[in-house]
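Just below is one structure, and these are the notes that go with it.
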There are 2 protein chains.
Amino acid sequence: MDPQIEEQLTPFRQAVKEQGDIVRKLKAEKAPDIDVQRAVAELKTRKHALEHKEFELSPKDDFDRSKMEDLLKQKFFYDQSFAIYGGVNGLYDFGPMGCAVKANLLQAWRNFFVLEENLLEVDTAMLTPEVVLKASGHVERFQDYMVKDVKNGECFRADHLIENTFEKMLADKKVSAEVKEEIKKIIPSIDNMDKEEMGKTLKQFNMKSPVTGNDITEPIDFNLMFATSIGPTGTLKGFLRPETAQGIFVNFKRLLEFNGGKLPFGGAQIGNAFRNEISPRSGLIRVREFTMAEIEYFVDPTLKEKFHKFGDVKDLNVTLFSGCRQLDGKGPEKKTLEDAVADGTIANESLAYFMGRIYLFLMKIGVDEKKFRFRQHLSNEMAHYACDCWDAEMKTSYGWIECVGCADRSCYDLTCHQKATGLKLVAERKLDEPISFNIYIYIHVYYIKYNVVECKVNKGVIGKVFKKDAKTVSDTLARMEQTELEEMNQTLTDAGEFTIKSGDQSFVIKSDMVTINKFQKTVHVEEFNPSVIEPSFGIGRVMYSLFEHNFRVREGDEQRTYLSLPPVIAPYKCSVLPLSNNAQLMPFVNQISKDLLKFDISHKVDSATGSIGRRYARTDAIAIPYGITVDFDTLKEPFTATLRERDSMKQIRAPVTELAQIVFDLAQQRRSWEDILNNYPLFEQQESTK
Amino acid sequence: MDPQIEEQLTPFRQAVKEQGDIVRKLKAEKAPDIDVQRAVAELKTRKHALEHKEFELSPKDDFDRSKMEDLLKQKFFYDQSFAIYGGVNGLYDFGPMGCAVKANLLQAWRNFFVLEENLLEVDTAMLTPEVVLKASGHVERFQDYMVKDVKNGECFRADHLIENTFEKMLADKKVSAEVKEEIKKIIPSIDNMDKEEMGKTLKQFNMKSPVTGNDITEPIDFNLMFATSIGPTGTLKGFLRPETAQGIFVNFKRLLEFNGGKLPFGGAQIGNAFRNEISPRSGLIRVREFTMAEIEYFVDPTLKEKFHKFGDVKDLNVTLFSGCRQLDGKGPEKKTLEDAVADGTIANESLAYFMGRIYLFLMKIGVDEKKFRFRQHLSNEMAHYACDCWDAEMKTSYGWIECVGCADRSCYDLTCHQKATGLKLVAERKLDEPISFNIYIYIHVYYIKYNVVECKVNKGVIGKVFKKDAKTVSDTLARMEQTELEEMNQTLTDAGEFTIKSGDQSFVIKSDMVTINKFQKTVHVEEFNPSVIEPSFGIGRVMYSLFEHNFRVREGDEQRTYLSLPPVIAPYKCSVLPLSNNAQLMPFVNQISKDLLKFDISHKVDSATGSIGRRYARTDAIAIPYGITVDFDTLKEPFTATLRERDSMKQIRAPVTELAQIVFDLAQQRRSWEDILNNYPLFEQQESTK
């Protein structure tokens, strides 16, 4: 940290810490809720002021958003929907490049999470009947405040209107210095205002409809879900789902059964969700229709402190901005996940494990580590269902934005749906000890009696009869299942002998070799609602951050902007360029293209005219990581072509027949570019776009 | 064909042919529309009767739908949505197995179409403002007829109500033989009734609400789109899109530009669409929310007779049920696509090319060729936009169902959106000859004048100076672009010389070696609305057909049902099974699992107890094509394990280290099972599920 910047921040940090201590004290004293809430509101105001200052003082990189947006629009990564009809706010269409990036991102997500974590992926209905979203709390709580122009009915999000009005007033010479001072004090608290406070502020500053100057209404609750009616009668009210999570919860019993009744396991879903934002803005960041990728990982709440795969991630050193440090007015710190769990920063290993996996995934797809942090929700920010929650935030030109949430939702959702449906959404655990009857009736403990067949081996007889094979016979008998034992028992009774197999050997078992007992066994089982860890990815936001983090300008050539997306995410993996439009080159171009298709490698053949440098610039702009150029040396034996890497612009020559395999290995990250450089001769040539 | 069956069908065929001839005659005579329509309605009635009879007489395979549905439900391929809340008709959730099949199917589609055809894939908004769907014709025309119970308001699809009432009447002893005869005559025409005819039939048979017995209303037009309101004001009416196609059309200009202004090219989209069916039924076949994969391939209408890649598919011998054969009361016939275009059965090569690609794709993913046909729409069945249309139909226990449409939509859609927006949705073609002014103003022909720099090489001087390199120099000069020539011209004027490069050679060009001319050129350009070929896949229907076509019962063991889905579609590619729960086997199981993950191969480790035969049966049930078993021989050097193929149940032994690569090659169809059998020793062992 720059000490000069630190110095300027010190008073802001102190202000936060003072208030943080007050909040802690009130909580420790179990002060009335209303007092705590007031203190927390003030705390957030101060935190906001600190963050504003930090952002203001942080060293500016030379990122130019409008330049990047030009590139993304021009190459049709994404653009506004229905633009030929004037467009609709908050709706975006992905063009070929954006669509490929999105498909690659989702495929990488599927490989990284569904495959590697063995998740049970589902694909459930978007149309959702009202009763389900009433149970989940969305009908009641999923809302923003809006105000309406009393004359023309135009709607505004109340907090946005306040912000915009303040901005104008601050720039207005006619507004007095005192009023400006007051406004500056209020600005940081806008995000945390409740309905009453907003109404008060709107009145105090006599705010009007910004376009017409008409009066506006009091703030009104506005539910963010899109309503529709399912079926022709108009009686079954439904909504477009506001998240994909509920589709997993309502299928919990089927998934548990699919998993053989065992915990832990995770459900996953990739799909669209919808939020009828009052005033969408910030491009892909706040939209009305978006793709999410969510995991609901179900664990036994008594076991979530430990997680069987935590060892795989415990040493990751990640940037954590804990609630505690936020209260203290400090910045984030780097810490291993193991330490963070040990000192109580992260609630449990289960939550920390998924934070580690989220971190690894984001790094793999090209997020800039320096523009990444996990920020913990303060207890009053937490959604109604969560008991601990961390956001993976990415720094962009819009500030730090939440891209992935990772919440411990406890058993909130399953309990809600259980109450609403009257069906038990529970898993079972076997108890070592029976629990006394008193407790039993409250927490769903019950007894199961079942029949057991047990086979005791008569070692003496088996040893004598089978000699060196005796162990094999004993092992085989020990592995037999209940139904097989049952069958053996029956056959021994009926026929006096029974044949068992091990590999390609057979052994005849007689009645004197085994003693078979049948009896009843009692097992004590306790039912419980599993806890849920929920990593939830906003795919559009992740994509937007990736674009910002990977937007580059070629040194010494300001016009040459490009995207350094990693191969796994890049829309095309490879370009194939004939050096000129000489007809002799085309058979090689076509053969290489066919070879690439055999590996399902997306690629672009660019046989347009133009200098090779200019054509490379074009492929760089759409993030193509590798470029194969067929030149006049390709025509000579041994047929070779050049392979260029986008970021370093280094080139090698390799045999034409090996190129598809090389690109495949590079794109799958099974081989590094360094390794290729070490194994093939470098090809030196200046790139000129002139 | 069985001659006995043919004999029974003859009168039905004749009846169709007679009526077909009448329709042809009326058309040839240009009879009034109303006469043609009446004749066509009667024709369809007869065709329907023929089809019913054919289906009734066709040899029954031993397919048992309820057995298959048991398997699909039990293994959670798919099931009704929101079942814990009582379920919603027409909405289905895909469980882990169905979801994986769907994801694999879409990935295969993307590789086969988007990659191989170089399509421009988009991902556009589902929420669609009304104005767009008014222009496309959906607000006016996308509807069914329904009737309501006058007392409780319950809704029924009019055609379904008529069908169901007739079914009950036919089974009712109190209904007279004459009435039953009349009903039998009407049944085949139900699908083709218009609103008036339906109203008449409902009255004639005094039909009532089936549950309450109350009176019903006249048939009412019911639009099948789900309506909602976009934004908070309630003034922007929107619908959930009923197809993905419109998202491509409204982006036509951007896609054309992305493609450098050149035709032909195709847009593609995979995504959900929604239809508010009045009474959904037949499982996955008629649902309210479903996934489509659509292509809109834009071609110059004057060039669509020929298609540059038609040669790749022309020899395919496919089952075609042309309109002509339908009119003649004949069955479908096998014909090469080349012949079908040549004799006019299929309108043009562009349409035929995509029919060929659809056929190849469906065969690749496991459709049974014997249960597949292309059926041509009769002119009166065609959607309002199409000028020729073929459906890829699959035979299932529900009859022949349309799974993929392939329509020549002509320029209908672009023209509609052009009219509605006032923006030109056109491509351009250069004319060899200017068109006279009279025509010009009507069909958008215009002149472009642009500056041309031309370089004439002075061969004498170049030959003398560069000798053996003279050709390289001339070629390099010939390849130079306009801007480069401009630059050379300027530099020669200023400095008298200019350096050009070819590979790693440089050459200095002097003023006397070239003559540079600058002049204006006039080009004639004609604008036109492209024609569109639209292959449109209903993913749920394709999946359902795949399940039926690949459902198998193991010979000699009726309980062992399984799915023989090809590896590319199967939810898991491979299982890994330890022969017993002996701890020594686990390190090998884990290593193999890790190796498979390196290749992103989805697989299932099943370490549960149970005989190996029973475990294979379990993996067969979820269509896992390959199974690796770690047994006690695996523990000995050279470490090997067995690999089993699902359909043949044959097994080989292979080194543990080679298995992941083998399974990858098999799953990617880069290597055949035959090839594996020839290269590894067979492993012989009886499978027993006992």
Side-chain angles (χ1 to χ4, degrees), chain A residues 76 79 81-82 84-85 88 91 93-96 99-100 102-103 110-111 115-116 120-127 129 131-132 146 153-155 222 226-228 230-233 247 250-251 254 258 272 276 278 288-289 417 421 423 479 481 503-504 580 597 600 602 609-611 631-632 685, chain B residues 76 79 81-82 84-85 88 91 93-96 99-100 102-103 110-111 115-116 120-127 129 131-132 146 153-155 222 226-228 230-233 247 250-251 254 258 272 276 278 288-289 417 421 423 479 481 484 503-504 580 597 600 602 609-610 631-632 685:
Chain A
F76 198 8
D79 211 336
S81 303
F82 311 110
I84 62 171
Y85 284 90
V88 176
L91 295 181
D93 290 349
F94 291 100
C99 188
K102 186 176 164 188
R110 216 170 236 146
N111 288 339
L115 237 67
E116 291 188 26
L120 305 182
E121 189 182 346
V122 296
D123 180 7
T124 72
M126 297 179 196
L127 288 165
V131 57
V132 175
M146 84 176 172
E154 200 179 345
C155 300
F222 177 71
F226 286 96
T228 190
I230 305 173
T233 58
V250 297
N251 278 300
R254 288 170 178 161
F258 185 86
N272 278 27
N276 198 4
I278 296 168
R288 287 177 168 153
E289 181 179 334
H417 290 299
T421 61
L423 297 171
R479 279 200 303 274
E481 280 186 79
D504 39 14
S580 80
L597 276 183
D600 291 335
S602 61
T609 50
S611 74
D631 57 20
F632 292 96
Q685 183 154 41
Chain B
F76 197 7
D79 212 336
S81 302
F82 311 111
I84 63 171
Y85 284 90
V88 176
L91 295 180
D93 290 350
F94 290 101
C99 188
K102 187 175 163 188
R110 215 170 237 145
N111 288 339
L115 237 67
E116 292 188 26
L120 306 181
E121 190 181 345
V122 297
D123 180 8
T124 73
M126 298 179 195
L127 288 165
V131 57
V132 176
M146 84 174 169
E154 199 178 348
C155 300
F222 177 72
F226 286 96
T228 191
I230 304 174
T233 58
V250 297
N251 278 300
R254 289 170 177 160
F258 185 87
N272 279 28
N276 197 5
I278 297 168
R288 287 177 168 152
E289 181 179 333
H417 290 299
T421 61
L423 298 172
R479 278 200 304 273
E481 280 186 80
E484 293 171 297
D504 40 13
S580 80
L597 275 182
D600 292 334
S602 61
T609 49
D631 57 20
F632 291 95
Q685 184 157 41

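Below, chain A is the first sequence line, B the second, and so on; all start at residue 1.
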- Item | Between OG on residue B:Ser602 and CZ on residue A:Arg110, distance to nearest 0.5 Å |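 Between atom OG of B:Ser602 and atom CZ of A:Arg110 there are 11.0 Å.
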- Task: Enter the distance from A:Ser81:OG to B:Asn251:CG here, rounded to the nearest 0.5 Å.
- Result: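 Output value for this atom pair is 7.5 Å.
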Which atoms form the tightest heavy-atom contact between [X] and [Y], and what is the distance?
X	Y	result
A:Arg288	B:Pro232	NH2-CD, 4.0 Å
B:Gly231	A:Asn276	N-OD1, 2.8 Å
A:Val122	B:Gly95	CG1-CA, 4.1 Å

Which one wins on heavy-atom pair count under 4.5 Å against chain A: [options]?
options	value
B:Leu127, B:Asp600, B:Thr228, B:Leu120	B:Leu127
B:Asp123, B:Thr124, B:Ile230	B:Asp123
B:Val132, B:Val131, B:Val88	B:Val132
B:Met126, B:His417, B:Met146, B:Glu116	B:Met126

- Query: Should A:Pro129 and B:Phe82 count as side-chain neighbours, where that means a heavy-atom distance under 4.5 Å?
  - Reply: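 Answer yes - side chains close enough.
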- Task: Take B:Asn272 and A:Asn272 through the test side-chain contact (heavy atoms from CB on, under 4.5 Å) and record every step on the way to the result.
- Result: CA-CA 9 Å; B:Asn272 279 28; A:Asn272 278 27; over 6 Å; no
Heavy-atom cut-off 4.5 Å, strictly under: side chain, backbone, both or neither for [X] against chain A?
X	result
B:Glu121	both
B:Phe258	side chain
B:Leu423	side chain
B:Ala227	backbone

